[in-house]
Amino acid sequence: MNRVMGYCDRWTAAPGETVRFMVSCLGGDHYDAQIVRLLQPDAGPLATPFRPEPVAAACNGTHAGRHQAIPIGSLAAVPAHAALRPAGSFTLCAHVFPTTPAKGRQAVMGTWCEASQTGFGLEIGEDGALAFRVGAGPGRVARISAGAKLSARRWYFAAAAFDAERGMLTLWQEPLSDHDFHPEQPVVASAPAAVRPAAGGALTFAAWSTGPADGPSCWGGLGFAGHMNGRIDAPRLASGALDRAAIGVLAASPLAASLAACLMGAWDFSRDMSGDAIRDLGPWRLDGVIVNQPTRAMRGHNWNATETDWTRAPEQYGAIHFHDDDLVDACWHPDFAFTVPEDLRSGVYAARLTADGFDFWVPFFVRPPRGTAHSKVAFLASTATYTVYLNNRGRFMSLATERYQGRVMVMDAIDSLLIEFPEMGLSTYDRHSDGSGVAYSSRHRPLQNFRPTGRHWNFNLDLFIVDWLERLGGDYDVITEEDLHREGLDLLAPYQVVITGSHPEYDSVQMLDAFEAYLRRGGRLMYMGGNGFYWRIAHHPSREGVIEVRRAEGGVRAWDAEPGEAYHSFSGEYGGLWRRNARAPQRLVGVGFISQGFDKCSYFCRTQQADDPRAAWMFAGVPDTLIGDFGILQGGAAGLEIDAVDPRLGTPPHALVVACSENHSNTYELVAEEVLIPHGATDAVINPDIHADITFFETPQGGAVFSTGSIAYAGSLAWNGFDNNLFRLTTNVLNRFKDPTPFPMP
Amino acid sequence: MYGFDKTRLDLAREFRANPFGEHSPDLQYLLNLLRTPGPEPFHVLLLDRPGERWVLATMEPGRSSPPRPTNVVFTDLKEAEWHVFKLRWARLAGEEPVVE
């Protein structure tokens, strides 16, 4: 069977701009491509029929295809240099924190090439102990092992020396004290070496080269293997076979002046922490790069808890944590391109890739020409949230998902791809293979959960909002959070109304500032979801589509940041919940995350405040008490993740709650940040705090906010062919928000 | 209720009548027990047609092997929940719950 997958180089394109598509065939040599406009999700017989609208494009048709591998696993690399080819004796050292020492051979540092068996390499051996090898080609390799297993998650000082004159290898493996009572002892081992290492190529950390890549390469046209899980701190390289005392001088910080005659390289990973460069403090300035986004701003071997902010004590954060499942870019070769026609309407589009009846979708967004707006209304696609959720693999790995969701898990053929091909990488909802949390996510790879089919969540669920806007005549522009982060208020200012997605959970400070400025200038915001504006994120300083999340202190989270690691490497900002950054979502949109549950959705009950003249207009034609007691998503408009008002956290005092949800199930539990002292009243059956609030309030200069407080809300818009009270309520709000007549502050 | 009790057919009846939504404390306890992650294969549903047709499949925890479909097909998610519930009950009790 032939299957296909792919991704594109940009998510937002304006007319005249080009989107490039990278494609890989799985078991075949051809595929079909068709550019389509997406008008609704694929949501079954109760929803608007799924009818992607074909778009004329030169790239439509059958293409020759081929398999493209994904070079997963991170490393750091220093380009080949004469100084890295010692003619005689040499010594290297580093601090090493292995996290899976028992998984088999793993590289720490060196110029070792597995294909040619040349160069030198400090590594973790098959036996779980440090090892050192030098090679001059197949059958001409000398190796030594420390012979004592490394323990996971402990710091070691590692050093190795090659004595060319004596033909000797020496290896030191020294555990470092870490406030525990571990019985490990330092080890030093020596062995004869009858070979001299042949000149290697690049110096690499946490992986070794396998020679020229047979397919996409993540760096230098090379393939890599032997990826290490764990941290490396302060690696250094010197000429001469140093004894232990001299190695102590080599490892010392700051660098000793006495090293001037022998130092070959001293890499300080705490320099230029936010970007991809690694800096060499040695005389040759052998700078390099990180590859596949290992985690930076990690506690080093010398972290002493006097500082938790790496920007204030970078010297304690000199470690990089490498993982064998890090991935920032699949590095595939482009296969075809689509240039957005000048007259193409702003909207949600996709390349539909098909092979033997297997469909794979590569969505993208067409915005209006830059600097213009074609409508009073903008739908703001939650691309930041889409990004951090991309390829959420962990949810398929055990019954744990069913336990908190209260339903047997449903998956489809594209979800199966992610199981079958783990090299598609992880989401920030996952843990790495060594158990550490995934802090970065990238869209530069094939994506399993960014499509109009499958589970209704994020992008797919947001297409219910697009469906509604299409029903109203299609008078809207589509803009993205990726552009919002970069352009700020400029992106929002032309619009009378901005409509969010169903789950705009992740925001940078630039994004929040833009929302706030927009509202202070009379803008109208329809927050069409739940659990929005919850986590702080940071964007890669130079590479679009790469986002960092530090899951610090509090919050409903798949992993928690380790001590002292709550500050983003990309920005230096304190991560975690916006609530813990004194900008709780209630301040911006009146409501904030209170609970989640995934077994059954409920309904809203109209409140007395709905009759307030300030809000009564939105209920024109809506005489009902119950709102949204129907829906395509588990039977109701209130559910999945829900928000409530909380004046303590910033809900404006004049906010009107026009409808409240009720009757949620046991799976709806109070969010962790609301449970300081554990108690038994944490599910919705016994805790009335767990409900969603539909909320409205006015902002200065005539603006207003309408918040639905529920992810499931959008799934009820199209119910009964759009003939329902929730559709009328929401449409009344949109129509009033489009009217420039100012909303007076009460 | 602090363990599995195969005589509690009332809980099976409650689940069959209402697999989603509010459950009694004892049923919720039982469901948490039945849904405890472990090393055994677990059941998932493969989406065949959205909102219309699902195929029962099994997954190996933590593995890189895709779900293995069975020949059991559902056109109603409540029936799928009940089917899986009975299989899990039978694993503990040695037989499926017999309820009217």
Side-chain angles (χ1 to χ4, degrees), chain A residues 41-47 50 393-424 433 452-456 460 597-602 632-636 639 663-668 680 683-686, chain B residues 14-15 18-69 72 74-88:
Chain A
D42 185 7
L46 299 177
F50 181 52
R393 192 167 190 270
R395 66 184 302 269
F396 300 118
M397 290 292 103
S398 80
L399 267 182
T401 304
E402 181 182 332
R403 186 155 64 164
Y404 79 80
Q405 295 207 336
R407 280 178 175 250
V408 177
M409 184 166 48
V410 177
M411 56 195 299
D412 68 4
I414 295 180
D415 297 325
S416 293
L417 277 184
L418 185 61
I419 310 302
E420 191 176 348
F421 299 100
E423 59 268 35
M424 290 168 70
S433 64
T453 61
R455 182 188 182 213
H456 294 112
N460 189 10
F598 302 94
D599 61 332
K600 185 179 182 180
C601 293
S602 191
I632 294 160
L633 301 175
Q634 301 178 0
N663 200 22
H664 293 286
S665 76
N666 312 61
T667 72
Y668 282 77
D683 79 39
V685 175
I686 52 178
Chain B
E14 181 188 346
F15 184 79
N18 185 27
F20 309 121
E22 182 179 341
H23 296 134
S24 68
D26 281 2
L27 175 57
Q28 191 61 51
Y29 176 90
L30 174 61
L31 291 173
N32 289 341
L33 182 71
L34 297 179
R35 291 165 174 164
T36 301
E40 308 87 12
F42 62 98
H43 289 100
V44 299
L45 294 172
L46 286 178
L47 180 66
D48 187 33
R49 289 200 299 272
E52 294 186 274
R53 194 172 188 273
W54 300 265
V55 177
L56 187 67
T58 58
M59 289 270 290
E60 295 282 344
R63 299 283 183 83
S64 292
S65 47
R68 288 190 302 276
V72 180
F74 302 101
T75 56
D76 182 334
L77 282 177
K78 288 185 175 182
E79 286 303 314
E81 292 286 341
W82 174 236
H83 184 89
V84 172
F85 180 93
K86 285 191 296 182
L87 292 175
R88 291 174 181 167

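This structure is a prediction, so every number in the text was calculated from the model and none was measured. A note on names: the letters A, B, ... follow the listed sequences, proteins ahead of strands, and every chain is numbered from 1.
Contact annotation for A:Phe396: both backbone and side-chain heavy atoms come within less than 4.5 Å of a heavy atom of chain B. Neither the backbone nor the side chain of A:Arg455 comes within contact range of chain B, judged by heavy atoms closer than 4.5 Å. Only the side chain of A:Pro422 comes within contact range of chain B, with heavy atoms under 4.5 Å apart. With a 4.5 Å cut-off on non-hydrogen atoms, A:Asn663 touches chain B through its side chain but not through its backbone. Using a 4.5 Å cut-off between heavy atoms, A:Ala400 contacts chain B through both its backbone and its side chain. Contacts of B:Leu31 with chain A are absent, with no heavy-atom separation under 4.5 Å from either backbone or side chain.
Distance check: A:Met411 CE to B:Met59 CE gives 4.5 Å after rounding to the nearest 0.5 Å. Annotation: the span from B:Glu22 atom CD to A:Ser602 atom OG amounts to 10.5 Å, rounded to 0.5 Å. One distance of note links CG of A:Leu46 with CD of B:Glu52; it measures 9.0 Å at 0.5 Å rounding. Here B:Arg88 contributes atom CZ and A:Leu399 contributes atom CG; the two are 5.0 Å apart, rounded to the nearest 0.5 Å.
For the set A:Gln634, A:His456, A:Lys600, A:His664, the count of heavy-atom pairs under 4.5 angstrom toward chain B peaks at A:Lys600. Ranked by heavy-atom pairs under 4.5 Å with chain A, the first of B:Gly51, B:Ala80, B:Pro66 is B:Pro66. Between chain A and the residues B:Pro25, B:Pro50, B:Pro19, the most heavy-atom pairs under 4.5 angstrom are made by B:Pro50.
Between the side chain of A:Asp412 and the backbone N or O of B:Leu47, no donor-acceptor pair lies under 3.5 Å.
Shown here for B:Ser64 and A:Arg393, the closest heavy-atom pair between the two residues is OG-NH2, 2.9 Å. Here the shortest heavy-atom pairing between A:Val408 and B:Val44 reads CG1-CA, 3.8 Å. Considering all non-hydrogen atoms of both residues, A:Val410 and B:Trp54 come closest at CG1-CD1, 3.9 Å.
Within the 4.5 Å cutoff, the side chain of A:Arg407 has heavy atoms near those of the B:Leu77 side chain.
The interface of residues 34-43 of chain B with chain A, defined by heavy-atom distances below 4.5 Å, comprises B:Leu34, B:Arg35, B:Thr36, B:Pro37, B:Phe42, B:His43.
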